[in-house]
Amino acid sequence: MIAVSGNLLLMAFISYVLSSIAFVLAVTGKRWSDRSPEQHTNRWGWIGFSIAVIGFLFQTGFIITRWIAGGHFPTSNMFEFMAFLAYSIILAFIVIFLVYRITVIGAFVMPVGIIMLAYASVFPREIQPLIPALQSYWLKIHVTTAALGEGAFAVGFAAGLMYLVRTVDQEKSTASTKWLEATLCMVLMLIGFIGTTTWFSSMGYQATFQVPVGTVTTEVVYTMPAIAGPQDATLVTEGVMKPWFETPSWMQGLNAARKLNTLIWSVLSGLVLYAIIRLIARRRLAQLIRPMVRDIEPETIDEISYRAIAIGFPIFTLGALIFAMIWAAEAWGRFWGWDPKEVWALITWLFYAAYLHLRLSKGWLGEKSAWLAVIGFIVVMITLVFVNLVIVGLHSYA
Amino acid sequence: MEDIKCQCGHANPVGTYICEACGNPIGEAVKDKDTVLDMRYEGAARRSQTYNKTIIDKIWNFFSSVKIAVYMIVIVLLASIIGTVFPQEMYIPVPKPANIYYSETYGTLGELYYLLGFHNMYTSWWYVSLLLMIGISLIVCSIDRIVPLYKALNKQRVRHNPNFLVRQKLTAQIEKPAQWNQTLDEIEEQLKKRRYSIKREGDALLAEKARFSRWGPYVNHVGLIVFLLGVLLRLVPGFYLDQYVWVRDGETKKVPDTHYYVKNDGFIIEYYADHEFPQDIGLGEGDKVVKTYKTHAVLYENLNHGLAGAEPKLEKVTEHEILVNHPLKYEDLQLFQAGQKPNALSALNMTLLNEKTGEEIGKFKIDLYNPLPEYPITADTKVQILEYFPDFEFTEDKKPITKSTNPDNPAFIVNTITPDNPGGEKSWIFLGSYLPAAGVDNLYGFKFSMPDLTNITGLMVRKDKSLPLIYFGCFVTMIGLIMGFYWQHRRIWIQTEGNIVYLAGHTNKNWFSLKNELKAVMDKVKVPVLLEEKGKGGKAS
């Protein structure tokens with residue numbers, strides 16, 4: 001059963017990739033065949049959409065089989081959660097696509113889903129038994145609703161990004177073009193993170209350090225070549241790269257150095273990817289993908305971004321705050337405890353609340369609104385990833 | 001203040017920008033003839049725009065501003081972020097005072113963090129004040145807007161000044177087709193099928209649906225206000241209780257700050273067995289994963305509570321297997337599984353020895369929770385307990401103290417009275433070792449056997465009478481959000497002036513669907529129109 005579920009997930013992943021390719025072909029290959037461009041886009045758009053739905057069904061199968069195999073709903077660690085987030089993004093995409101029937105959305109949203117799923121695979125994939133704190137039906141209710149809301153926010157993000165790529169004037173270099181490049185570069189860094197992690201783990205790379213902690217010595221194992229080594233550590237493994245520098249002392253915790261090292265690898269690989277693309281294309285990344293969104297009305301994509309967030313906001317409120325509070329009251333005896341994860345859920349909520357007020361009452365449409373949609377999802381990612389991995393709290397299970 | 005007069009003769013209060021009587025744009029709104037009419041609050045004047053004289057007006061206007069509200073939200077947001085940079089004081093992982101912990105662990109930044117009070121961010125006066133101000137803003141903003149909006153929507157007219165229609169975001173003008181009256185009836189039928197409610201005034205038509213969604217934001221704000229009230233209510237004495245109690249296996253203990261007693265009828269920790277793992281997760285030798293923390297608890301009520309000095313008279317009221325996620329609930333008292341000390345010391349098993357010969361004089365047991373003043377060994381031998389330190393530690397100036405009342409590291413000063421030494425000889429007893437008191441040469445010593453162990457469960461004691469109100473607030477908020485975000489208020493106006501038919505549509509959200517809907521209706525009655533979505537990128541309501 002576990003093997004079946006793993007294969008289903010792999011098939012879902014492949015489907016999402018194929019679907020993205022179909023969507024990209026739909027908007028770029030218009031002039032290849034003798035069909036009219038409109039026909040071409042429609043045809044390939046529906047192909048892309050159908051494959052996405054098939055992938056979604058595969059992933060549904062993955063969730064069900066893993067649920068049966070593990071005996072609990074698969075949202076109990078980082079791997080399972082990020083995979084479910086990818087699932088939510090695909091679901092939100094399916095809904096939005098059915099409402100608006102705009103093909104090019106797929107070319108942007110599907111890759112976001114793929115990146116999430118690939119990111120999930122970086123974490124340990126074993127089914128773990130549930131610790132007492134997680135033994136509650138609220139695990140599936142709270143986590144799934146929160147993820148569904150965040151999936152809708154992801155669509156809002158992708159649409160916001162599309163709006164910016166479509167409208168930001170690329171004729172001259174401005175603050176907008178620079179920030180847009182920075183945002184796209186961040187996406188590349190995430191891809192770089194997934195790529196380097198997968199690459200080194202497939203090679204079985206390991207470098208062991210002996211680190212003094214107080215009076216005792218502990219081992220820290222790096223799975224990527226050490227650029228930033230632990231403080232005062234000695235490298236034990238032979239024949240591997242020596243660290244270039246030591247992690248500064250104000251970074252606390254045994255794993256701080258390893259986390260910093262991974263971060264450096266992600267940033268560097270992202271920058272290298274970006275540099276390669278710019279060298280080959282000889283123009284800005286946004287300029288490069290702009291032709292894909294050329295034919296779309298900015299106002300429509302602006303509305304889609306807003307609609308996705310408007311659909312996601314009540315779901316997020318219910319899942320990430322209200323259900324969270326009810327569960328916290330059941331499990332810990334208080335509905336709110338200012339745990340970092342709780343605070344970041346509140347921050348995300350406040351951010352989107354500010355977005356909605358600015359849009360509805362202050363008339364922030366178009367570019368301003370698109371930027372907020374982009375930043376909003378970055379806040380979501382900080383809440384989901386950064387808080388779990390870097391800030392210690394009650395939610396750092398994985 | 002002077003009223004604004006519309007060309008139709010109606011006098012509107014200051015702040016109005018769409019005439020209440022004829023719908024003609026007035027005041028500032030007239031200037032730009034080509035822009036889309038701002039339809040927020042139907043162009044009606046709000047209190048905050050009409051009055052700005054007294055201090056109350058000024059305060060009202062401050063809190064009624066959405067801009068101010070957004071600023072407050074953003075400040076709270078930034079402060080919340082700062083609060084997560086370093087752990088809050090309550091989450092410091094080591095038992096160290098805050099003034100030392102932050103500077104020691106995080107250096108200068110940490111010291112600054114502590115000095116600025118960020119280590120208690122969420123209970124700081126200014127953070128709480130900001131939350132309160134957001135609460136006030138929620139109330140004021142809502143009242144300031146809902147009153148004019150309600151009035152305006154309630155007395156909507158069917159016929160408008162054509163200016164009103166052409167300056168809508170979604171608008172079209174067509175030449176009046178033949179048999180228009182008949183077509184208009186068909187349109188009315190089509191709109192009714194789409195659940196619009198229709199008002200007609202001759203050849204003018206107003207179709208409207210889902211007006212209730214306009215109240216969504218106000219309903220959700222009311223929910224948030226109720227929620228905040230619930231939170232404030234916890235400050236009222238008796239509404240909120242937060243205590244903790246450790247109970248040994250078999251022990252009955254008073255639940256702090258209540259007239260209840262709780263008995264621990266057995267606390268167990270279960271671990272997952274090997275066959276319960278769905279797959280190998282790479283656990284090392286001896287690594288275990290906890291499956292259950294469970295306390296079999298019995299709750300008693302003290303019937304003599306309130307009688308000063310009376311012995312407690314306990315009556316069992318309920319019994320429950322407390323698990324994590326499954327607290328014991330009795331009336332508004334809740335006991336949560338929150339901590340555990342498995343295999344904690346409960347009694348020391350000792351043997352008195354003759355130090356020289358090694359002869360065993362006799363055995364005795366010291367109950368660490370209830371040590372007796374003396375333990376008789378034989379007829380003329382006894383061990384007196386002079387001092388007891390349940391959680392022993394030396395202070396910096398080498399004075400023995402106890403850190404807590406829990407016997408985590410017990411130590412005693414005892415006096416051993418024997419026929420050889422009727423005055424007694426003093427010695428220290430520690431966990432597993434003993435020591436003659438300073439300057440004494442002891443004749444007798446002690447041998448330690450396996451101590452008695454017990455399991456101790458940590459129960460969190462909570463009462464939260466405001467919880468129902470807080471949940472009710474959440475519920476109302478959700479209703480409001482769903483009303484406001486999953487429905488849209490849509491209106492379609494059709495009006496004939498001379499030979500021209502004016503079509504216009506307005507919605508507070510989702511123009512895409514409204515446009516499609518209007519287009520579909522017009523196609524159905526075979527009057528194709530080119531709907532213009534005006535002022536794209538401009539302000540919309």
Side-chain angles (χ1 to χ4, degrees), chain A residues 2 69-71 99-100 124 126-129 131-133 135-136 138 249-250 252 297-300 302-303 306-307 310-311 313-314 317-318 321-322 325-327 329-335 337-340 343-344 346-347 350-351 353-354 357-358 360-363 365-366 387 391-393, chain B residues 40 66-67 69-70 73-74 76-77 80-81 83-84 87-88 90-91 93 105-107 109 122 242 272 276-282 289-293 323-327 334 336-338 460 462 464 467 470-471 474 477-478 481-482 485-486 508-512 533 536-540:
Chain A
I2 294 172
V99 174
Y100 288 95
E126 289 81 19
I127 302 180
Q128 287 147 333
I131 56 167
Q135 291 165 9
S136 168
W138 286 109
S249 60
W250 53 266
Q252 289 291 312
E297 277 185 353
E299 287 71 23
T300 310
D302 177 57
E303 187 179 321
Y306 163 63
R307 278 278 277 171
I311 290 171
F313 190 72
T317 309
L318 187 65
L321 294 170
I322 297 180
M325 286 195 274
I326 299 176
W327 190 12
E330 287 287 310
W332 297 320
R334 84 290 183 292
F335 68 92
W338 299 109
D339 169 71
V343 176
W344 273 95
L346 177 67
I347 291 168
L350 287 174
F351 186 90
H357 283 97
L358 286 171
L360 296 174
S361 291
K362 294 273 124 206
L365 300 178
V387 174
I391 302 177
V392 185
Chain B
R40 274 180 293 159
V66 172
K67 198 166 151 192
V70 171
I73 290 176
V74 170
V76 168
L77 190 153
S80 305
I81 293 178
T84 62
Q88 292 287 294
M90 59 187 160
Y91 288 120
T105 321
Y106 303 107
L109 271 181
Y122 308 117
D242 177 4
Y272 282 101
E276 284 176 304
F277 288 90
Q279 72 191 113
D280 182 23
I281 55 167
V289 179
V290 175
K291 186 180 178 187
T292 334
Y293 297 115
L323 296 160
V324 180
N325 282 313
H326 300 277
Q334 291 183 302
F336 293 87
Q337 185 65 56
M460 199 191 279
R462 285 288 157 95
D464 199 344
L467 215 49
I470 284 170
Y471 287 165
C474 291
T477 300
M478 273 320 294
L481 287 175
I482 290 168
F485 283 114
Y486 297 157
N508 57 339
K509 299 186 179 69
N510 200 355
W511 290 90
F512 179 83
E533 206 177 319
K536 282 183 166 179
K539 253 190 180 183

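Reminder, nothing fancy here: chain letters follow the sequence lines and each chain counts from 1.
Using a 4.5 Å cut-off between heavy atoms, Glu330(A) touches chain B through backbone and side chain atoms alike. Contact annotation for Tyr306(A): only side-chain heavy atoms (C-beta onward) come within less than 4.5 Å of a heavy atom of chain B. Residue contact with chain A, scored on non-hydrogen atoms closer than 4.5 Å, involves the backbone and the side chain of Phe512(B) alike. With a 4.5 angstrom heavy-atom cutoff, Thr292(B) touches chain A only via backbone atoms. For chain A, the nearby part of Asp464(B) is the side chain; its heavy atoms alone come within less than 4.5 Å. When heavy atoms are compared at a cutoff of 4.5 Å, Leu321(A) does not approach chain B at all. Only the side chain of Ile2(A) comes within contact range of chain B, with heavy atoms under 4.5 Å apart. Interface residue Ile470(B): only side-chain heavy atoms are found under 4.5 Å from chain A. For Ala69(A), the part lying near chain B is the backbone, with the side chain staying farther off; criterion is any non-hydrogen pair under 4.5 Å. Heavy atoms closer than 4.5 Å to chain A are found in the side chain of Val70(B), but not in its backbone. Contacts between Leu109(B) and chain A at a heavy-atom distance below 4.5 Å are absent for every atom of the residue.
In terms of heavy-atom pairs under 4.5 Å with chain B, the best-connected choice from Ala310(A), Ala354(A), Pro129(A), Ala331(A) is Pro129(A). Per-residue counts of heavy-atom pairs under 4.5 Å with chain A were compared for Gln334(B), Met478(B), Glu276(B); the largest is that of Met478(B). No other option in Ala338(B), Ala69(B), Ser80(B), Pro87(B) has as many heavy-atom pairs under 4.5 Å with chain A as Ser80(B). Across Gly70(A), Ala329(A), Pro124(A), Ala353(A), the residue that shares the most heavy-atom pairs under 4.5 angstrom with chain B is Ala329(A). Among Tyr122(B), Phe336(B), Phe485(B), the residue making the largest number of heavy-atom pairs under 4.5 Å with chain A is Tyr122(B).
Taken from OG1 in Thr300(A) to CH2 in Trp511(B), the straight-line distance is 13.5 Å, to the nearest 0.5 Å. Interatomic distance, Ile322(A) CD1 to Tyr471(B) OH, rounded to the nearest 0.5 Å: 10.5 Å. Atom CD1 of Ile81(B) sits about 9.5 Å away from atom CG of Leu350(A), to the nearest 0.5 Å.
The closest side-chain heavy-atom distance from Val324(B) to Gln135(A) is not below 4.5 Å.
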Stepwise side chain to side chain contact (heavy atoms under 4.5 Å, CB included) check, Trp338(A) with Met90(B): CA-CA 9 Å; Trp338(A) 299 109; Met90(B) 59 187 160; 3.6 Å; yes

message: Using side chain to side chain contact (heavy atoms under 4.5 Å, CB included), reason through Asn325(B) and Trp327(A) one step at a time and then give a plain yes or no.
response: CA-CA 8 Å; Asn325(B) 282 313; Trp327(A) 190 12; 2.8 Å; yes

message: Assess the residue pair Val74(B) and Phe351(A) against the criterion (side chain to side chain contact (heavy atoms under 4.5 Å, CB included)); give the C-alpha distance rounded to whole Å, side-chain angles, the decisive distance to 0.1 Å, and a yes or no.
response: CA-CA 7 Å; Val74(B) 170; Phe351(A) 186 90; over 6 Å; no

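Between Ile311(A) and Tyr486(B), the shortest heavy-atom distance links the atoms O-OH, 2.6 Å. Considering all non-hydrogen atoms of both residues, Arg462(B) and Gly333(A) come closest at NH1-O, 2.8 Å.
The backbone N or O of Pro340(A) lies less than 3.5 Å from no partner atom in the side chain of Gln88(B), so there is not a single donor-acceptor pair.
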